[in-house]
Structure formats: C-alpha cells, structure tokens
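Structure, as structure tokens:
These values consider heavy atoms only, across backbone and side chains, with no hydrogens, waters or symmetry-generated copies. These numbers come from a predicted model, not from an experiment. Counting from 1, the numbers follow the sequence of the chain as shown.
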Amino acid sequence: MIRHEYTACAQCHVDPSGSGPLTQYGRAMGEVILRTHYGSHSVDEPEDPGKTGNFLWGAVPLPEWLDLGGSFRWMSLTRKIADTKLDDQFIFMQSDLSATVNAGRFVASGSIGYDPDGGLLAAITRGTDKNVISREHWVGYRLDEGQTLLLRAGRMNLPFGVRDVLHTLMVRSTSRTDVNDAQQHGVALSYSGEGVRGELMGILGNFQTRPDDYRERGYSGYVEWAPATTAAIGASSRIAHVALDPRALRPMWRHAHGVFGRWATPFRPLVLLAEADYVVDSIKDRPRDQGFVGMFQADVEAIQGVHYQLTGEAWDFGPHRNGFSESLWASFLWFFAPHADVRLDGIYRSLWGDEPVGRSSEGLLLVQAHLYL
C-alpha cells in the first residue's frame with residue numbers, strides 16, 4: 001500500500017499495525033486499487049467500489065457499528081529435499097470468521113476458525129487435531145478524538161518488524177512474530193499519527209497453551225517514521241522469558257532487535273521492503289543461540305493487481321554457527337477478482353544443518369488461493 005502513499009495500516013485494518021480483519025474502508029480500497037480491473041479504470045482515476053467493496057460482496061448490509069469478515073486460504077505444497085522423494089501436501093491454511101464492534105470510543109474484535117491439523121498454539125478446544133481456534137480476540141478504547149491512540153487488551157499479533165502474510169519467513173519465525181499462530185495475550189498501546197506510527201505490547205503469555213510454565217512474559221514493540229508518503233523506516237525490539245521452553249525443557253530468555261524499511265521507488269511499479277534482526281535464545285546452563293537474520297523483497301506491479309516478487313533471505317542463527325543459510329523466493333500474485341487472489345511461489349533454500357549432515361538444499365513449489373469476505 002505504500003505504493004499508493006499509504007504509510008499507515010490503521011485506515012484499512014482493525015489491527016492498527018496491519019494484517020487480519022479489514023475495515024470497511026480497507027475492503028473498499030481492496031476493490032478500487034488492489035485488484036485487476038478489466039476496463040478503462042485506473043488508480044489515477046479511481047472508481048466507486050460499489051457493492052462488491054462491502055462485506056460478502058454487498059449481499060448482506062451491515063450497520064455502521066458492526067463489521068464482519070472472513071478469510072479462507074488453501075495451499076498445495078510440493079517439496080524436494082536433496083536425496084529424498086518428492087513430497088506433496090494439500091493444506092487448509094486458514095478458515096476464519098471475524099467480527100468487530102465499534103461503540104463510540106470502544107472497539108472489540110475477534111476471530112474464530114477451524115484447523116484440521118490442530119493449530120495447538122491458537123486452539124480453544126483441546127484435541128490433538130481438528131480444533132476450533134481463535135487467532136485474535138481483544139477489546140480496546142480509543143484515547144483521543146482523532147483516534148490516533150488505541151489501548152487494547154486480549155490476544156493480539158505481536159508488534160514487530162514488517163507485517164507479512166508469509167509467516168514462514170525466517171525474520172518472522174526466529175523472532176516468533178508471525179501472524180499464523182504466534183499471537184500472545186497482553187496489553188498494547190498503539191499510535192497512528194501523521195508520519196509516525198508505533199505500538200508497544202506487554203506480553204502476558206499465550207493463555208491458549210498449557211501449562212503456565214510454557215507461557216512467555218515480556219514485551220514487543222516497534223516505532224516507524226515516514227519522512228515521505230512513499231518511504232518509511234523503523235526499529236523493533238522484543239524480549240520475553242519463558243519458565244520452561246517446550247523443546248529444551250529449561251528456562252529461556254528470547255531476544256530480537258532489528259530495523260526495517262519500506263520504499264515506493266520513483267519507478268512507480270517497484271516497491272522495496274527490507275528487515276534485519278539480531279536474535280538471541282539464551283537457555284539456562286546451555287550455550288546461547290544467537291545470530292542475524294535478514295530479508296529483502298522487491299515487488300513489481302506490472303499492471304494493476306498483477307505482482308511479481310523476488311524475496312531473498314539470509315541467516316546465521318543457531319548453536320553450531322558453522323555457516324549461514326539462505327533462500328530465494330520467486331513469486332507471482334494476482335488479485336484477479338473482488339475479494340479473491342492467487343499466488344505462486346517457487347523457493348530454493350540452502351540450509352546448514354547439524355553435523356554430520358552439514359549443508360543441504362531443498363526446493364519448494366507453493367500454489368495458494370485466498371478468498372475473503
């Protein structure tokens with residue numbers, strides 16, 4: 001959206017830091033400037049979004065105080081690891097419904113969904129698979145008439161770095177800040193002003209996991225400055241402690257600190273995103289895992305709604321540190337119809353593993369379809 005001189009997220013998303021349920025304005029912008037139009041329409045002369053820019057393509061009118069939504073994602077994954085057979089999977093990535101209620105300065109938002117594989121970190125039922133899940137649910141209060149300050153409490157995405165639907169990026173997985181199931185319960189204060197935005201969250205733990213010793217406590221936050229309507233730079237920090245790490249079965253401190261940026265270049269079709277983080281996992285009585293992880297992405301919108309992306313990653317993080325790993329994503333995205341998009345990702349990874357395996361490589365082909373209400 002920075003391509004269209006939107007530096008903030010609060011206009012289009014219920015979450016002031018982006019991602020997740022859309023506002024009515026965000027749904028309208030998706031129809032006007034994100035998807036492909038097959039006539040004379042252009043973003044320089046935007047047309048009215050019409051009924052298709054509303055919830056459920058305008059089939060169900062909603063009162064101003066209520067916003068409903070939903071997001072459904074499916075993926076076909078093909079993986080080839082060196083010296084192994086080809087592996088094919090079909091994955092139901094997301095089947096979520098959401099609701100947001102606005103009552104004056106008060107706002108409440110929540111989602112509910114289904115995960116056939118369990119979704120244990122977001123589950124509200126207790127099965128090993130086929131669980132009902134809730135990724136987000138919170139209540140908030142707007143502290144000022146200009147709606148620049150929002151105080152929230154509940155289960156929320158952690159404010160950190162670049163919000164990206166690609167939750168498997170290493171900058172997201174190593175910092176534990178993806179939008180898939182890494183949400184935490186806590187209290188957050190966000191600011192969305194002209195040229196500056198940020199959010200600070202006190203992490204109280206993921207109350208949907210048990211026992212309590214597995215829950216993190218700490219903070220996560222970022223601040224971003226936009227010196228122009230086409231550029232923004234920011235810094236993030238996250239520190240949390242867990243009494244018993246589920247894998248190491250020991251107390252652990254987790255740190256992540258970094259910088260990020262977004263730039264809509266003078267060559268209008270091209271937008272650049274980047275993030276670099278220093279990450280530390282300090283396990284009691286064991287050597288620390290520490291290192292750097294970075295991401296750089298170039299997005300070219302060939303025609304409205306059609307995107308070509310190149311994403312490069314590099315990281316040197318873990319207990320062995322004998323060499324760094326890298327990956328390259330080549331992606332095609334098409335917002336081809338109202339509330340619908342598809343994407344194709346080809347991924348090559350060169351990975352450093354535990355000895356005696358050493359370096360290995362893998363290739364992945366991802367085909368995704370997304371429908372939102």
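- Between the side chains of D87 and Q89, at least one donor N or O lies within less than 3.5 Å of an accepting N or O.
- More than 12 non-hydrogen atoms from other residues, nucleotides or ligands lie less than 6.0 angstrom from NZ of K80.
- With H185 as the partner, the side-chain hydrogen bond (donor to acceptor under 3.5 Å, both in side chains) test is satisfied by one option alone out of R215, R155, H137: H137.
- Closest approach of R197 to S192, counting heavy atoms only: CB-CA, 4.2 Å.
- Rounded to the nearest 0.5 Å, atoms CG (L66) and CZ (F55) are 8.5 Å apart.
- E301 and I33 get closest at one heavy-atom pair: OE2-O, 4.5 Å.
- In terms of hydrophobic clustering, with Ile, Leu, Val, Met, Phe, Trp and Tyr side chains grouped at heavy-atom distances under 4.5 Å, M201 and F160 are assigned to different clusters.
- We find the NE2-OG distance between H307 and S331 to be 12.0 Å, quoted to the nearest 0.5 Å.
- The ring of Y278 has its center no closer than 6.0 angstrom to the ring center of H255.
- When all heavy atoms are compared, the tightest approach of V165 to V179 is CA-CG2, 4.5 Å.
- The cluster map of Ile, Leu, Val, Met, Phe, Trp and Tyr, joined by side-chain heavy atoms under 4.5 Å apart, puts F335 and M29 in different clusters.
- Looking at R176 and D281, a side-chain N of the basic residue comes within less than 4.0 Å of a carboxylate O on the acidic one, giving a salt bridge.
- A side-chain N or O of Q183 and one of N157 form a donor-acceptor pair less than 3.5 Å apart.
- Residues E199 and S190 have side chains that never bring a donor and an acceptor to within less than 3.5 angstrom of each other.
- A salt bridge is absent between R343 and D341; no separation between the charged side-chain nitrogens and carboxylate oxygens falls under 4.0 Å.
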**Report entry** Audit row: F317, F292, ring-ring contact (aromatic ring centres under 6.0 Å, His included) steps and yes/no
**Finding:** CA-CA 6 Å; F317 173 79; F292 292 90; over 10 Å; no
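- The hydrophobic clustering, which links ILVMFWY residues whose side-chain heavy atoms are closer than 4.5 Å, places L333 and V367 apart.
- Residues Q24 and N54 bring a donor and an acceptor atom of their side chains to less than 3.5 Å of each other.
- Of the N and O atoms on the side chains of R349 and S325, not one donor lies less than 3.5 Å from an acceptor on the other residue.
- For the pair F72 and L97, the minimum side-chain heavy-atom distance is below 4.5 Å.
- A pairwise comparison of heavy atoms in T100 and S109 identifies OG1-OG, 3.0 Å as the closest pair.
- If you check the side chains of E313 and S327, you find a donor sitting under 3.5 Å from an acceptor.
- Taking OG1 of T148 as the reference point, atom OH of Y191 lies at 5.0 Å (rounded to 0.5 Å).
- Across S175 and A256, no two heavy atoms sit closer than the pair CB-CB, 3.9 Å.
- Between R27 and E31 there is no salt bridge, since none of the side-chain N atoms of the basic residue sits less than 4.0 Å from a carboxylate O of the acidic one.
- A salt bridge links E216 to R238: one of the charged nitrogens lies within less than 4.0 Å of a carboxylate oxygen.
- Ring centroid separation for the pair Y308 and F332 comes in under the 6.0 Å cut-off.
- We find that D164 and R172 are not joined by a salt bridge, their nearest charged nitrogen and carboxylate oxygen being 4.0 Å or further apart.
- Note on L166 and M170: same hydrophobic cluster, where clusters join Ile, Leu, Val, Met, Phe, Trp and Tyr whose side-chain heavy atoms are under 4.5 Å apart, directly or indirectly.
- Both L364 and M295 are part of a single hydrophobic cluster, where members link through side-chain heavy atoms under 4.5 Å apart.
- Here the shortest heavy-atom pairing between R163 and L158 reads NH2-O, 3.1 Å.
- Within a 6.0 Å radius of CZ in R210, no more than 12 heavy atoms belonging to other residues, nucleotides or ligands are found.
- For D96 and R73, the salt-bridge test fails: no basic side-chain N is under 4.0 Å from an acidic carboxylate O.
- In summary, the side chains of N131 and T125 do present a donor paired with an acceptor at a separation below 3.5 Å, with no hydrogens or angles considered.
- The closest side-chain donor-acceptor pair between H13 and S19, if any, does not fall under 3.5 angstrom.
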